[in-house]
Amino acid sequence: MAAPSFSTTTLTPVLIHLLRGASDLASVAATHAKLLKAGFASTIASSNHLLAAYCRCGSMSHARDLFDRIRDRDVVSWTTLMSGYTASGRPQEAIAVLRAMEFSGVQPNVVTLSTAASACARLADAGLGRQVHARAEVAGCARDTIVCTALVDMYGKAGCVDDSRAVFDGMAAPARNAVSWGAMLAVYSQNALGNEAIRLFAELRTSGCGLTPNHFMLSSVLSACASVVRLSIGKCVHGAVLRLGHGNHEVIGVALVDMYSKCGCYEYSRKVFDRIEQPSVIPYTSIIVAAAKYGHGRCALAFLGEMVDRGVQPNDVTLLGVMHACSHSGLVDTGLQFLHSMKSKYGIAPCPSHYTCAVDMLGRAGRLEEAFGLAKEAQVEGNEALLLWNSLLSACRIHKRLDLATLAGQRVSEFNQDVAGGLVVMSNAYASAGQADNAAAVWSSMRQRGIQKDPGCSWIEVKDVSYVFYAGAVSCAGARADEVLMLLDELEYKMREKGYKGRLGSARVSDAHEDDGDGGKGVMVGVHSEVLALGFGLLVVPKGMTIRVIKNLRMCCDCHETFKFISDIVEREFVVRDLNRFHHFKTGSCSCNDYW
DNA sequence: ATAGGGTTAG
């Protein structure tokens, strides 16, 4: 038998060297075996090295076995095990390790507590996170930059944005580094507080802290710009990306593709995408989703073909994007083929969102019997099912199938939570069918049950400022409100000369998709919010510039017709982003060819 | 010196 050839003091560097190159279980286990065979008496340091190596290669069962056999476990052993569980997606077990560690009497340090905070972040559990926060205070670790940054992230992931900000504000200015700023920006961006993220980013640049935006901060801010549809700021950030030399970073490329597509600039998304070298599945998915939103179904299919040819595997999100593209382009049978062949062709089993998309697609195309059949046969539950039956209900209204609408409405009402949207659609279905009494009854029952619904609104960005319009209320236009109404009056007159049959303004029984905000008299609406936003845009956006309107609901047929007429009359281009796609109006027609 | 914090597609 070979004599041990290392002394305790020389072993550790050799061990590190062996373990550093070991990213797979086999080589870690081989090193482990060699040590045992050499008869080396393990020290706590060498055991911890091995433990970390097992964790790095994701083999938590081996890590646990080793850990259980370490007698004199120190804070590093415990922390390493916690970190391993967190990294392999088992944060609950990391917390159990923390509890066992405290029970065993070993004191946590800053590394332990930052690891614990990140386990709580993964669990999105603010209650547990608060306990870790308190423990950090007690241990005197609550001023540590990394602990604080982990807490900022933890509160954010748990949805407690104010707590994140309180921790961030409590950090002394020199303690805030680029990671802390990046974490706070990400918190705002991930919690749909885009404007707060934009404000904080501006603060970074004026704070005199001397930190330069890095790709983490830039991608968070771009996603913030996308979520609140702030094109002009997004373009400025794009400029900063190029100046700072981050233009070739894939993550930034994806954020830019997404930002431009959500801000109504599909062409820019294309240009950014074309500059990404060797795009992975995520950039491909983001451009496919962008194409889907603009109704470019053939384009989306071409991108899918291209990625497959290049050996990039699509995933469930990619295929959902492709199906959305089919749905919004009227490629119904192609979309259905995807649903039925995705398992065999791409190895991805359809999940509830794919079924929901297919049902929506059939409904959009007026193939309602098939849609109902698929809806019943799909194993969809919970919130997904609510979305599914809601979209069917919507389709029934559009295709004036009150018989089926009642059926779908019944399904929707079986869900006790969040039924407002469905009930509004039901009411609108009655109104479309000329049954104003039933429509009013739905509203009054909603009023009695205390159900509220977000009012429909549209907004437009002019020189970095957002103007929000609600149906029937032109007040956002401020001093120019009267001018907007006069302009719309004049346009209505010109539209009539070209054959327009509807009415823009005066109150009427609603076949509307939005109520007027007071909920009670909801079946009476005035002019829709997107028309007001457009009227304002025509006054303030210079001629020759595209007017971009954003709406929080689906665009209705009337407004769609109106926008087509007006684009012809004033010879301008409009882009409208509604709840699920974009419409590009130009010379009297729309990019969707009236299919959406 | 063996353990720690932030980002992208739905």
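Per chain, numbering begins at 1; letters A, B, ... match sequence-line order. Only a predicted model underlies this, so the values are computations on that prediction, with no experimental measurement involved.
The base of B:dG4 lies outside donor-acceptor range of the side chain of A:Thr115, with no N or O pair under 3.5 Å. Donor-acceptor pairing under 3.5 Å, judged by distance alone, is absent between the side chain of A:Asn48 and the base of B:dA3.
If you check every strand for non-hydrogen atoms under 4.0 Å, A:Ala186 touches sugar and phosphate atoms only. Among the heavy atoms of the strands lying under 4.0 Å from A:Thr80 are primed sugar atoms or P, OP1, OP2 only; no base atom is included. Nucleic acid contact for A:Ser353: none, since no nucleic acid atom lies under 4.0 Å from a heavy atom of the residue. Counting any heavy atom pair closer than 4.0 Å across all strands shown, A:Val110 reaches a base atom. Using a 4.0 Å heavy-atom distance criterion, A:Asn214 is classed as a base contact. Residue A:Val179 is in base contact, counting any heavy-atom pair closer than 4.0 Å across all strands shown. Backbone-only engagement by A:Arg56 is indicated by non-hydrogen atom pairs under 4.0 Å involving sugar-phosphate atoms exclusively.
One can place CH2 of A:Trp181 at 22 Å from P of B:dG5, the figure rounded to the nearest angstrom. Rounded to whole Å, the distance from CD1 on A:Ile44 to C1' on B:dA3 is 12 Å. In this structure, CD of A:Glu384 is placed 10 Å from C1' of B:dG10, rounded to the nearest angstrom. Between A:Gln313 atom CD and B:dA9 atom C1' there is a gap of 16 Å when expressed in whole angstrom units. For the pair A:Asn383 CG and B:dG10 P, the interatomic distance rounds to 18 Å; values are reported in whole Å. The separation between A:His249 atom NE2 and B:dT8 atom C1' is 10 Å, rounded to whole Å. In this structure, A:Phe67 atom CZ and B:dT2 atom P are separated by 19 Å, rounded to whole Å. Spacing between atom OH of A:Tyr284 and atom P of B:dA9 amounts to 18 Å, rounded to whole angstrom units.
Closest to the A:Ala45 side chain, of the nucleotides B:dA3, B:dT2, B:dG5, is B:dT2. For A:Phe216, the listed nucleotide lying nearest its side chain is B:dT7; candidates were B:dG5, B:dT7, B:dG4. In the set B:dA9, B:dT7, B:dG10, B:dG10 carries the atom at the smallest distance from any side-chain atom of A:His324. Here the nucleotide nearest the side chain of A:Asn109, chosen from B:dA3, B:dT8, B:dT7, is B:dA3. The side chain of A:Val251 sits closest to B:dT7 out of B:dT7, B:dA9, B:dG6. The side chain of A:Ala178 lies closest to B:dG6 when the candidates are B:dG10, B:dG6, B:dG4. Nearest to the side chain of A:Ile146, among B:dT8, B:dA3, B:dG5, sits B:dG5. Between B:dG6, B:dG5, B:dA9, one nucleotide has an atom nearer to the side chain of A:Ser180 than all others, and that is B:dG5. For A:His49, the side-chain atoms get nearest to B:dT2 when compared with the rest of B:dT2, B:dG5, B:dA9. Taking every side-chain heavy atom of A:Ala52 into account, B:dA3 is the closest of B:dA3, B:dG4, B:dT7.
Between A:Ser286 and B:dT8, a side-chain N or O to OP1/OP2 separation shorter than 4.0 Å is absent. For the OP1/OP2 pair of B:dT7 and a distance below 4.0 Å, the side-chain nitrogens and oxygens of A:Gln190 include at least one atom meeting the criterion. Applying the 4.0 Å criterion to OP1 and OP2 of B:dG10, one finds that A:Lys262 has a side-chain N or O inside that range. Contact annotation: A:Lys157 reaches the phosphate of B:dT7 (side-chain N/O to OP1 or OP2, under 4.0 Å).
A donor-acceptor pair is defined here as one N or O able to donate and one able to accept, closer than 3.5 Å; no such pair exists between the side chain of A:Ser114 and the backbone of A:Ala150.
Checking A:Thr80, A:Asn48, A:Leu81, A:Leu50 one by one against A:Phe67, the side-chain contact (heavy atoms from CB on, under 4.5 Å) holds for a single residue, A:Leu81.
Using a 3.5 Å distance cut-off with no hydrogens or angles, the side chains of A:Thr115 and A:Ser83 do not pair a donor with an acceptor. Inspection of the A:Tyr155 and A:Arg165 side chains reveals no N or O donor paired with an N or O acceptor under 3.5 Å.
Under the side-chain hydrogen bond (donor to acceptor under 3.5 Å, both in side chains) criterion, A:Ser327 pairs with A:Arg364, not counting sequence neighbours.
For DNA chain B, no neighbouring residue in residues 192-209 of chain A is found when judged by any heavy atom under 4.0 Å.
Between A:Tyr268 and A:His238, the gap from one ring centroid to the other reaches at least 6.0 Å. Proximity of the aromatic rings of A:Phe168 and A:Trp181 is defined here by a centroid distance below 6.0 angstrom, and this criterion is met.
Salt bridge A:Glu102/A:Arg135: present, at least one basic N to carboxylate O contact under 4.0 Å.
For the pair A:Ala126 and A:Cys160, the tightest heavy-atom approach, listed with the atom from each and the gap, is CB-SG, 3.7 Å.
In this structure, A:His583 and A:Trp596 have perpendicular ring planes: the angle between them is above 60°, well past the 30° mark.
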